[in-house]
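Comments concern the structure below.
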There are 2 protein chains.
Amino acid sequence: MLYEGEAHSSAFILRKGWTSSFKALPSGGQQIVDFQIPGDLPGLRSVLYRAADHSIEAVTLVEAAEIRASDLQNVFSEAPRIATAVLWAASRDEAMVVEHLVNLGRRSAEERMAHFLLELGERLNLVGLSGTTGFDCPLRQYHLADALGLSPVHVNRVLRRLREDGFVTFQKGRVEFHDLARLKGLCKFDTAYLDQKEPLLR
Amino acid sequence: MLYEGEAHSSAFILRKGWTSSFKALPSGGQQIVDFQIPGDLPGLRSVLYRAADHSIEAVTLVEAAEIRASDLQNVFSEAPRIATAVLWAASRDEAMVVEHLVNLGRRSAEERMAHFLLELGERLNLVGLSGTTGFDCPLRQYHLADALGLSPVHVNRVLRRLREDGFVTFQKGRVEFHDLARLKGLCKFDTAYLDQKEPLLR
DNA sequence: CGAACCGTTGAGACTATTCAACACGTGTGG
DNA sequence: CCACACGTGTTGAATAGTCTCAACGGTTCG
């Protein structure tokens, strides 16, 4: 879809489907930076920053609208408030990356998994794609592995433990929360960083 | 200095000294997201995003100029090219966070350390604070631990191994590269993500 | 029917952590 | 001036967490 190193000057608005943004490593592995769900703007950073410093790949079939760099430029000149809104969106992205960073740096495998699933549920909730009990999830265990910095084998074990302990199940494309409160406690989940409100500047 | 949760609507231009941006964890630990060196803009995101989603702390004595949110807003209206430049700076920050994320997710302790020291050297080089053989560094081993997601004890062992293997020394406030090429090979260091050039939009 | 992908499980090896102890330098109060 | 606490760096030993390798079952699809 969109690969590292290409000077690609388009972003997209994702209407349907999921994508992942990741960095490929010389060793052959990859680190997934984030998943995009409907409503997100994959590739936003590549419009502003010279080289796409990471790649984007479709996880499911995708329906997206292109935003060309030149369009963005015009809008910026004519409607500075939109510039602000875009900057806000970029900041929100970065906040999520930061949370992901904390996830990898200072949490155990179980906590990472719990936090990841809760964040995903919360984000899907904001765009109406998740109920309180669970959500449909097209990801594979190896997606989780690349996102959480774990081996696929260990992802499997962690999921098993969370399932056997009655926290959450991840099976056949569906995530079901069985004890949301206890799960949130497990990883000290706090949604503050998702900050759904509008930009500060107006 | 600037703490999480406070709705602080100022950013700073750091003139002299170092700061760190980090997230404190309920468990008592903390994950350092980045260090800021002279020329950086600590707190930029907190201007645009409602709550400061992470904290900033001085590492050394610091000299900084404040940028108020209202000023930024005026500049945005009157000079959209500056809006672009700010967005570019934010994108660069995010690119570094992403690289840090990869560091934590998919590299061993030695690779992390090597990559971290090389990145720091590169950044300091861009602002004239580093030579090719090494640089002055006010960080403690526990700073490295919080940044790299390692225990302080392990940081010490890793530094010892890198020193004994002739890669690099980190002692008494000074980093000395003894075999830059081999060190870059160790962690596959690639500066592309630092992308020193100006914004794409113009 | 076979190939490919995905999920599952076990065993053993390796990495990093925790706990504990000690050395060294610095600043402080008696 | 000495005694002491404190921060920092260093090292060892035991432990916990995660990885790798290997094997196997189920599904889907050609």
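In what follows, chains carry the letters A, B, and so on, assigned in the order in which the sequence lines appear, proteins first and then strands, with residues in each chain numbered from 1.
As a whole-Å value, the separation of Arg163(B) CZ from dT11(D) P is 7 Å. In this structure, Leu104(A) places its CG atom 12 Å from P of dT18(D), rounding to the nearest Å. Whole-Å rounding puts the Arg140(B) CZ to dT8(D) P distance at 6 Å. Taking atom CZ of Phe170(B) as the reference point, atom C1' of dG9(D) lies 11 Å away to the nearest angstrom. Atoms CD (Glu110(A)) and P (dA16(D)) sit 15 Å apart, rounded to a whole Å. We find that CZ of Arg161(A) is positioned 14 Å from C1' of dT8(C), with the value rounded to whole Å. Following rounding to the nearest Å, Asp146(B) (CG) and dT8(D) (P) show an atom-to-atom distance of 12 Å. Following rounding to the nearest Å, Lys172(A) (NZ) and dT8(C) (C1') show an atom-to-atom distance of 12 Å.
Of all the heavy atoms in Val175(B) and Phe170(B), the pair that sits closest is CG2-CD1, 3.5 Å. Nearest heavy-atom pair, Asp146(B) versus Gln31(B), reported as atom, atom and distance to 0.1 Å: O-NE2, 3.2 Å.
Contact annotation for Arg160(B): backbone-only contact, meaning every heavy-atom pair under 4.0 Å involves sugar-phosphate atoms and none involves a base. Residue-level contact check: Gly149(B) touches the backbone only, with heavy atoms under 4.0 Å from sugar-phosphate atoms and none from bases.
A donor-acceptor distance shorter than 3.5 angstrom exists from the side chain of His100(A) to the backbone of Val33(A), with no hydrogens or angles considered.
Residues Gln141(A) and Arg106(A) each lie close to DNA chain C; by heavy-atom proximity, the contact nearer the 5' end of the strand is made by Gln141(A). Between Arg157(A) and Glu164(B), the residue anchored closer to the 5' end of DNA chain D is Glu164(B), taking for each the nucleotide with the nearest heavy atom.
Distances from the side chain of His154(A) to the nucleotides dC19(D), dC21(D), dT11(D) place dC19(D) closest. Here dT18(D) is the nucleotide among dT18(D), dT20(D), dC6(C) with the atom lying nearest to any side-chain atom of Leu150(A).
When the side-chain nitrogen and oxygen atoms of Asn156(A) are compared with OP1 and OP2 of dG7(C), none of them lie within a distance under 4.0 Å.
Remark: Asp165(A) does not engage Arg182(A) in a salt bridge, criterion side-chain N to carboxylate O under 4.0 Å. Taking the charged nitrogens against the carboxylate oxygens, Glu176(B) and Arg174(B) do have a contact shorter than 4.0 Å, which makes a salt bridge.
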